[in-house]
Amino acid sequence: MHNTLIIAAILLLAGCIPPPQPVVSDFNGDSVKIQIASYGDPADAKTLSQAEADRICAKRGRRAEYASTRTLPDYTLENLYLCL
């Protein structure tokens, strides 16, 4: 019974972790770099990153196209998008 309560508490707390928030680290008009924490669901992180890149590129009347990803030393993902 005690183990069940501990597991239930851990699962409850795990549900409290907010999804990673994308941050624009560089924008030069032709490309945008979006940094996002690597914890959580990778598909959600990519979706959030794409939405932020679309928002930034739309300011210039363009659309964002994914180009590459690199992992930074602090386990943050940096996605590069081209504004076409």
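Below, each value reflects all heavy atoms present in this structure, side chains not excepted, and no hydrogens, waters or symmetry copies.
- For the atom pair CG of D26 and CD1 of I34, the computed distance is 9.5 Å after rounding to the nearest 0.5 Å.
- Checked by atom type, the side-chain pair T69/E78 shows no donor-acceptor distance below 3.5 Å.
- Looking at heavy atoms from C-beta onward, L77 lies out of side-chain contact with Q35 at the 4.5 angstrom threshold.
- Annotation: salt bridge (charged side-chain N to carboxylate O under 4.0 Å, His left out) contacts of R63 (sequence neighbours excluded): E65.
- Residue P22 comes nearest to S49 through the heavy atom pair CB-CA, 4.3 Å, listed as atom of the first residue, atom of the second, then distance.
- Of the charged side-chain nitrogens involved, none lies within less than 4.0 Å of a carboxylate oxygen, so that D30 and R60 do not count as a salt-bridged pair.
- Residues forming a side-chain contact (heavy atoms from CB on, under 4.5 Å) with K46 (at least two apart in sequence, or on another chain): Y66.
- Note that SG of C83 is 8.5 Å distant from CD1 of I56, once rounded to the nearest 0.5 Å.
- Partners of L82 according to the side-chain contact (heavy atoms from CB on, under 4.5 Å) rule, which considers only residues two or more places apart in sequence or in another chain, are S31, A67, L84.
- Here the straight-line distance linking atom OG of S68 with atom NZ of K33 works out to 8.5 Å at 0.5 Å rounding.
- When all heavy atoms of I36 and T76 are compared, the pair lying nearest together is O-CG2, 3.4 Å.
- Residues Y81 and Q50 have side chains in contact (heavy-atom distance under 4.5 Å, counting atoms from C-beta outward).
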